[in-house]
Amino acid sequence: MKEHRIVLLPGDGIGPEISEVTIKILLAVSRKNNFLIHIEEKLFGASSIQKYGEPLSEDTLQACKASDAVLLAAIGDPQFDTLPRSLRPESGLLKLRSSLDLFANIRPVKVIPALMSASSLKQEVVKDVDLLVVRELTGGIYFGEPKGLVKTEHGKRAFNTMVYSDIEIDRIARVAFELACSRRQKLCSIDKANVLDVSQLWRERVCEMANKYQTIDVSHQYVDNAAMQLVKDPSQFDVILTSNLFGDIISDEAAMISGSIGMLPSASINNQGPGLFEPVHGSAPDIAGQDIANPIAMILSAAMMLRIGLKENNAAKDIEKAVDKVLNNGFRTIDIANSTSKPLGCRHFGEEILQVINSI
Ligand code: IPM
Ligand code: MG
């Protein structure tokens, strides 16, 4: 029997609740599809700061490196917002991404018909949305040097550097072009080439690569225009290719199109080695521990892990089908509930999905 070893990072806030539900579902689909899944749980984020004084310990990092895939719930805790940046939970996430060289972040946004009314945009605007944000994840202004804060005789100055090499642009562009080939053959690269040198190089490399992908319809948008187009006419997009900072902003905006950021999964991958699969949303400390969180983004992240990281396509499909069915049957968590649906708690919602999996 095939065996997979994954590391689970439940993290902070609602993380442990959505993890508990997701693991039950993972185990159910592994039984159904005849493979074994070994789950090693590790501390990460605020829970790790409490125990080890740092968000990503060497122990957790080594376990992740040795695994077949890493499944993360969410990290972040306002009580640590005042710590020096290097000790904050978010820094642990950046260190994990860069230590595993996870340069490609894939964030699909697909409107589920049963949930169209949960979107803050008009139904006719969102009805055909099915897009993929491909965000560069280990470079750009998040990691650029020099950076820092200096005291001058005129006061303080702080600075970061937005930097990309041609190699970094090429490798993320290639991922996006390949994905476009497997979808609707459309790619839009988002930059700020009218102002930034780094974006000019970005655009030059994407144009160069477009020559090798003649079947792909390539367009370019400045990020400010793209932000507007996303709310005006989001169905014009298929694959969106963009840098780390622009991708961070654009992917949250795109997420809202689907109704709730609680719905969206993501995959961060490398050309080899384990990938990291996590919901786009954060740890939602305001609702933690109340059993009202929406577990869908994490459940769908587990499906992405099965498909991309562990090559268990059928198990991934089982999960996606079950989520669709439960939503079509009218079950909702409170963030996506409407006036006619009775909101279920996180656990109860998970039970409904389990029931469907066991019956298909
Ligand atoms: C995301 C998050 C992270 C990011 C934070 C938590 C560091 O916003 O994954 O989009 O900025 O990349
Ligand atoms: Mg973000």
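Atoms within a ligand are numbered from 1 in the order they appear, just like the ligands themselves. Quick caveat: nothing in here was measured; it's all calculated off a predicted structure.
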Dump the pairs for me: ligand 1 N or O, protein N or O, distance under 3.5 Å, to 0.1 Å.
{"from": "ligand 1", "atom 1": "8 (O)", "to": "Asp248", "atom 2": "OD1", "distance (Å)": "3.2"}
{"from": "ligand 1", "atom 1": "9 (O)", "to": "Arg97", "atom 2": "NH2", "distance (Å)": "2.6"}
{"from": "ligand 1", "atom 1": "9 (O)", "to": "Arg107", "atom 2": "NH2", "distance (Å)": "2.8"}
{"from": "ligand 1", "atom 1": "10 (O)", "to": "Arg107", "atom 2": "NH1", "distance (Å)": "3.2"}
{"from": "ligand 1", "atom 1": "10 (O)", "to": "Arg107", "atom 2": "NH2", "distance (Å)": "3.2"}
{"from": "ligand 1", "atom 1": "10 (O)", "to": "Arg135", "atom 2": "NH1", "distance (Å)": "3.2"}
{"from": "ligand 1", "atom 1": "10 (O)", "to": "Asp248", "atom 2": "OD1", "distance (Å)": "2.9"}
{"from": "ligand 1", "atom 1": "11 (O)", "to": "Tyr142", "atom 2": "OH", "distance (Å)": "2.5"}
{"from": "ligand 1", "atom 1": "11 (O)", "to": "Asp248", "atom 2": "OD1", "distance (Å)": "3.4"}
{"from": "ligand 1", "atom 1": "12 (O)", "to": "Arg97", "atom 2": "NH1", "distance (Å)": "2.7"}
{"from": "ligand 1", "atom 1": "12 (O)", "to": "Arg135", "atom 2": "NH1", "distance (Å)": "3.3"}
{"from": "ligand 1", "atom 1": "12 (O)", "to": "Arg135", "atom 2": "NH2", "distance (Å)": "2.8"}

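With contacts defined as side-chain heavy-atom distances shorter than 4.5 Å, the pair Arg307/Lys317 qualifies.
Neighbouring protein atoms of the Mg ion (ligand 2) (N, O or S, distance under 2.8 Å, waters ignored): Asp248 OD1.
Side-chain atoms of Lys24 do not come within 3.5 Å of backbone N or O of Glu351 as any donor-acceptor pair. In terms of modelled atom types and a separation under 3.5 Å, the side chain of Ser301 and the main chain of Phe277 share no donor-acceptor contact. Of the possible polar contacts, none joining the Asn105 side chain to the Leu137 backbone as a donor-acceptor pair under 3.5 Å is found.
More than 12 heavy atoms of other residues, nucleotides or ligands shown are found within 6.0 angstrom of NZ on Lys32.
Not counting sequence neighbours, the partners of Asp238 by the side-chain hydrogen bond (donor to acceptor under 3.5 Å, both in side chains) test are Arg183.
If you chain together ILVMFWY residues whose side-chain heavy atoms come under 4.5 Å of each other, Leu9 ends up grouped with Val7, Phe44, Leu56, Leu61, Val70, Leu72, Ile75, Leu93, Leu96, Leu100, Leu102, Leu276.
Here Lys311 contributes atom NZ and His4 contributes atom NE2; the two are 10.5 Å apart, rounded to the nearest 0.5 Å.
Classified by interplanar angle (parallel below 30°, tilted 30° to 60°, perpendicular above 60°), the ring pair Tyr213/Phe177 is parallel.
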